[in-house]
Amino acid sequence: MSFVDHMLKNLFSGFLDRRRENRHFKRQAVLETLRKMGDAEGQAVSGRVARDMQRIASDDVPAAIVRTRSHEEGLTHDEADQRRARFGPNEVEHEKPLPWWLHLWHCYKNPFNLLLTLLAGISFATDDMKATVVISTMVVLSTLIRFVQEGRSSQAAERLKVMVSNTATVIRRQPAEERRTEASEKHAAARSRSRRTATQIELPIRDLVPGDHVVLSAGDMIPADCCLLTTKDLFVSQAAMTGESLPVEKFAGIAQPFHSIFDAPNLVFMGTNVISGSATALVVATGSRTYFGALSARVTTTDRTLTAFQAGVNSVSWLLIRFALVMVPIVLLINGFTKGDWTEAFLFALSVAVGLTPEMLPMIVTSTLAKGAVVMSRKKVIVKRLDAIQNFGAMDVLCADKTGTLTQDKIALERHTDVFGTNSEDVLRYAYLNSYYQTGLKNLLDHAVLEHAELHGELRVAQDYRKVDEIPFDFVRRRMSVVVSEREDHHELICKGAVEEVLSVCHQIRIETAQGPRQVPIERVLLERVRAVTRELNEEGLRVVAVAMKELPASQAAYSTADETGLTLIGYIAFLDPPKESTAPALQALADHGVRVKVLTGDSELVAAHVCGRVGLEHDHFLLGSQVEKMSDEALSHAVETCQLFARLTPQDKERIVRALRGNGHVVGFMGDGINDAPALRAADIGISVDSGVDIAKEAADIILLEKSLMVLEEGVIEGRKTFSNMLKYIRMTASSNFGNVFSVLVGSAFLPFLPMLPLQLLVQNLLYDISQIAIPFDGVDRELVAKPLKWNPADIGRFMVFFGPISSIFDITIFAVMWHVFGANTVAEQTLFQSGWFVVGLLTQTLVVHMIRTPKLPFIQSRAAWPLSLMTLVIVVIGVALPMSPLADYFKLQALPPGYFPWLIAILFGYAALTTAMKTIYIRKFGWQ
């Protein structure tokens, strides 16, 4: 198995058995303007969807039917077919992988490969086949390695899963002619039964059209954006849209004023699902016209803005290319005028251009990122887009959803108190009996109560209690009651529900005294105190449920809502989605590494603030979605710097906040797993989702976590910084070394009667040096270098290049003098000896600089390179020294060096190492070392 095969096998060994993710390759940067136009159009589409749904929510049922041009009995098949031809299938857009040839083009098209291809073409036109072969080898090697690695990554993905429910129950109206024929042939009652049976049919979700009537029941996915016509105890989970853990009540009728369309009680949306109850609903929008579809279209049809990583690589690339465009003509003119051979001067300038080009940068970058992906895959992190690893390292702000990220995504019983807020076991016992004996929907709150299974034995439920009757929950009373017989001597009616609704049927409260519990009438002062206690619980982010009861004689057999009166308020049970145990230490670890965490949630600010307080996040200053919506971009850019908590957000609010942070110069990560998170995931430098997230969130993400944990993210940050540091090593080494070589070339060209090195020799030296860098991805990184976020700084690269490049030129000029004066290589006839001497010194100093510049510490003593890099550089040193003495020497126009050359070589290398170390100390003191 090849190295690449082995690496990629490890990368996806734990992932190929799971649901795979599709990826999309970026289009070229010149389409950025079109991208912005597409993004603006996507925002307009989602905004238009919201406005259309708001208008529908304000309609009563007949008006909604008229607005959608439907009928109270639904559409006919012919009407549905006509609308399907107009609106298209009820499907959302998905990204498609690029064909292999287009993928290959994307791997090839970077400034360095394009420049090298041009140089190879010029070499071929001038019959310099050796140079053509060497340059072409560089291009092919760089392109193929990237193609193979990214191709395997792409193959580890597959298209989005279809929605869980692939059919829907649709009510279709029969044409009038069929009904008249039916009426003439059958009895009226039989006809009615037949019609009801015939008009409810199962259809694929993709066949739904606006105006259809659909039947919803527990467990169904909502197949389109709909307005409710009738409901019965309907609970819908909107967690994927809003991040809200608890199901929400939905019912038909005109909606009261609401902040977000998700708050409209008469609307349901594609991508959400029915928890309990049933309903009939009018399809208002399908496919890309749904809210889900609008978000999906923005994810799949618009390109991302350039990430910090891509912008950084591009800026460094153009910096080096601009430098080459200045230096190469100077080399050409100097050699042309001093040597008189313009053809030779042109070929030499061409070789210098190749030497100045860090042609292995794309390959080094890809190899480094792929190696990072291998490491991260072992830590339950799957990398969809390799560039995202480096963005992990550069990230200085992480925006995260609250539910399931900071919290356990699981409702837990946090408090059980008496009416004045003191812990009470009696309240918990009554709540347990109520939840245990109810036969209706046991929601998340009931399950949290029933987790206290120890009460079953303590209360002797099986021996001492028997259920007598139940008064089910409804959305008018907002409470439910059970009646139990305790040891057959009396009945207990136990009621729980919303605080105000339970208080409305309570005449007294139970208070604890020294003599035991006592029941006192509810007076105004006591009522205010009770409400103050519940308000305090709400301010702690708790969801409060009141518990009340009354004792009744054992003679009654059946009970109704009329019996819910004269109750005694016992106390409250309060619930919270508790933080994960790992959240607080993970946040601290991220903070220690220079990453600020901001919470962006669609949930209540009270709940979110309480959670933030428990995990150590600042939450005194927060912004609501309604405030974000009214802010200008400039005002928001200031606000996002001071606020750490943002609550009641819509998907567009989250996206605006992420873009505002990026506009302020931050490298932003966003972690989310819901439909409402998709735009922000796409807008961030690095989008992070989880394997259990909804499809649209995973499609928008760059990183997929197999475990939803901030601790995993902290490890990813460290790995990203190691990756960044290793890429930076190559760029710094190559830039400074190439600059030094060109400076030496300029000096040699001006004063020597021959070329200081032949074009072929310069190309071979450059190729050998690049090969020595292939092991950089496997090098270690000093701990100090990953302590803080790392960012691309082209100005720093340029300064580094100018600072360290001339150091090698000092020793190049030294070997020029040694070869000229000591070994007599001072004529055209002896130029081969001169060129051989500089070939070896140039290659060895370039290779040595790998160890000198890879760390701010003292090389070989305080910090040593990993063995793959040490071995590779040693191999190149041996090849460089042996090549002039090998049978290939004549082919490359080199010759064996005299024994007296090698002491000079050793002295030059030691001098170069000492001077570089001294200059490095000065550089760090003045500029620092990123």
Side-chain angles (χ1 to χ4, degrees), residues 233 235 246-247 249 275-276 411-419 423-488 490-510 517 519 530 534 537 542-552 554 556-575:
D233 299 341
F235 274 98
L246 292 173
E249 169 195 358
I275 297 297
S276 68
I411 298 298
L413 179 60
E414 185 76 4
R415 304 270 293 277
H416 40 88
T417 75
D418 63 17
V419 291
N423 189 65
S424 171
E425 293 298 322
D426 277 347
V427 173
L428 179 58
R429 294 188 186 100
Y430 283 117
Y432 183 86
L433 289 171
N434 179 287
S435 295
Y436 180 78
Y437 281 116
Q438 75 168 92
T439 57
L441 168 71
K442 284 184 169 58
N443 60 32
L444 296 176
L445 305 183
D446 291 307
H447 287 296
V449 172
L450 293 174
E451 284 186 359
H452 290 266
E454 72 280 358
L455 292 175
H456 199 83
E458 293 176 10
L459 291 170
R460 293 169 50 87
V461 173
Q463 295 89 348
D464 294 348
Y465 291 89
R466 174 180 61 84
K467 181 177 179 180
V468 177
D469 203 357
E470 177 176 358
I471 308 171
F473 180 90
D474 65 59
F475 296 114
V476 176
R477 294 164 38 250
R478 297 179 64 82
R479 60 181 181 264
M480 67 83 53
S481 302
V482 297
V483 182
V484 297
S485 172
E486 183 178 8
R487 291 186 291 275
E488 302 297 338
H490 70 282
H491 290 175
E492 292 179 354
L493 186 151
I494 306 169
C495 175
K496 76 175 192 295
V499 173
E500 289 300 323
E501 279 70 14
V502 172
L503 274 174
S504 68
V505 293
C506 289
H507 292 173
Q508 51 196 5
I509 63 174
R510 176 185 289 186
Q519 296 178 357
V530 164
T534 58
L537 292 172
L542 300 172
R543 305 180 189 277
V544 182
V545 174
V547 179
M549 63 85 64
K550 73 175 180 178
E551 292 188 2
L552 298 161
Q556 191 170 339
Y559 293 82
S560 68
T561 57
D563 295 297
E564 288 182 331
T565 184
L567 274 59
T568 300
L569 181 66
I570 305 298
Y572 324 103
I573 49 177
F575 301 87

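Computed from a prediction, not measured in an experiment: that's the story for all the values here.
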Answer yes or no: is there a side-chain heavy-atom contact under 4.5 Å between [X] and [Y]?
| X | Y | value |
| --- | --- | --- |
| Asp446 | Lys496 | yes |
| Val461 | Leu433 | yes |
| Tyr465 | Tyr437 | yes |
| Leu459 | Asp464 | no |
| Asn434 | Val547 | no |
| His416 | Asn423 | yes |
| Lys550 | Thr565 | yes |
| Val505 | Arg479 | yes |

Please report the interatomic distance [atom1]([X]) to [atom2]([Y]), rounded to the nearest 0.5 Å.
| X | Y | atom1 | atom2 | result |
| --- | --- | --- | --- | --- |
| Ile570 | Ile494 | CD1 | CD1 | 9.5 Å |
| Leu413 | Glu451 | CG | CD | 9.0 Å |
| Leu503 | Leu567 | CG | CG | 11.0 Å |
| Glu414 | Ile573 | CD | CD1 | 13.0 Å |
| Met549 | Ser481 | CE | OG | 11.5 Å |
| Asp563 | Leu552 | CG | CG | 7.0 Å |

How close do [X] and [Y] get, heavy atom to heavy atom, and via which atoms?
| X | Y | value |
| --- | --- | --- |
| Ser560 | Ile471 | O-CD1, 3.2 Å |
| Glu501 | Ser504 | O-OG, 2.6 Å |
| Tyr572 | Val419 | OH-O, 3.2 Å |
| Leu428 | Leu455 | CG-CD1, 3.5 Å |
| Met480 | Pro472 | CB-C, 3.9 Å |
| Cys495 | Val502 | SG-CG2, 4.3 Å |

Check for a donor-acceptor pair, side chain of [X] on one end and backbone N or O of [Y] on the other, with a separation under 3.5 Å.
| X | Y | value |
| --- | --- | --- |
| Tyr559 | Glu470 | no |
| Asp418 | Ser424 | no |
| Arg415 | Ala574 | no |

Have a look at Tyr432 and tell me which of His452, Glu458, His456, Glu454 forms a side chain to side chain donor-acceptor pair (under 3.5 Å) with it.
His456
Show your working on side-chain contact (heavy atoms from CB on, under 4.5 Å) between Tyr436 and Val449 and close with a plain yes or no.
CA-CA 9 Å; Tyr436 180 78; Val449 172; over 6 Å; no
